[in-house]
K.L.:
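Right, I'll just put the structure down here and ask away after.
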Amino acid sequence: TLDLACGTGSLTLELYRRGIDKSIICDVLDELRPGSGDDIEAVWSALRKKSVTRDNIAELDYNRKGRLYAYLMRKGFSAEVIGRVLHCEG
């Protein structure tokens, strides 16, 4: 099954591995996720799995945020989107 709490890059790679043409993937993803707002919500969805919410993210220390950053990068999110969320801008 596909994990939809992942970044556009990760989702694109997984669909390509399953034999879907790259142009179709790009068209569908552009339609489903037209802006970074949807990626931000996907980041929050992934963070909820780690018991991180909008209420407690500001309380996290530097090391914890670093581990979350690495986790989100492995999930395929862009550094820009992760930075916006971890710095409480999204």
K.L.:
Identify, with sequence neighbours excluded, every residue that meets side chain to side chain donor-acceptor pair (under 3.5 Å) alongside Asp55.
P.N.:
none

K.L.:
First locate atom CZ of Arg18, then atom CG of Leu13, and finally report the distance between them rounded to the nearest 0.5 Å.
P.N.:
11.0 Å

K.L.:
What is the distance from atom OG of Ser78 to atom CD1 of Ile40, rounded to the nearest 0.5 Å?
P.N.:
9.0 Å

K.L.:
Got a donor-acceptor contact below 3.5 angstrom from the Lys75 side chain to the Ala46 backbone?
P.N.:
no

K.L.:
As a quick check of understanding, evaluate side-chain contact (heavy atoms from CB on, under 4.5 Å) for Leu11 and Ile25, giving each step before the final call.
P.N.:
CA-CA 9 Å; Leu11 193 55; Ile25 296 169; over 6 Å; no

K.L.:
Looking at Glu41 and Arg84, is there a salt bridge between them, counting it only when a charged N and a carboxylate O are closer than 4.0 Å?
P.N.:
no

K.L.:
Any side-chain heavy atom of Arg64 sitting closer than 4.5 Å to one from Lys50?
P.N.:
yes

K.L.:
Answer whether the closest heavy-atom distance between the side chains of Ile57 and Val85 falls below 4.5 Å.
P.N.:
yes

K.L.:
Would you check if the side chain of Asp21 reaches a backbone N or O of Tyr16 as a donor-acceptor pair within less than 3.5 Å?
P.N.:
no

K.L.:
Give me the atom names and distance for the closest heavy-atom approach of Trp44 to Thr53.
P.N.:
CZ3-C, 3.6 Å

K.L.:
When Val52 is tested against each of Val43, Leu86, Leu68 for side-chain contact (heavy atoms from CB on, under 4.5 Å), which residue passes?
P.N.:
Leu68

K.L.:
Quick one: are Tyr71 and Arg74 in side-chain contact, heavy atoms under 4.5 Å?
P.N.:
yes

K.L.:
Mind checking whether Met73 and Leu60 sit in one hydrophobic cluster, side chains of I, L, V, M, F, W, Y counted as touching below 4.5 Å?
P.N.:
yes

K.L.:
Say you draw a straight line from CD1 of Ile82 to CG of Asp39; how long is it, rounded to the nearest 0.5 Å?
P.N.:
10.0 Å

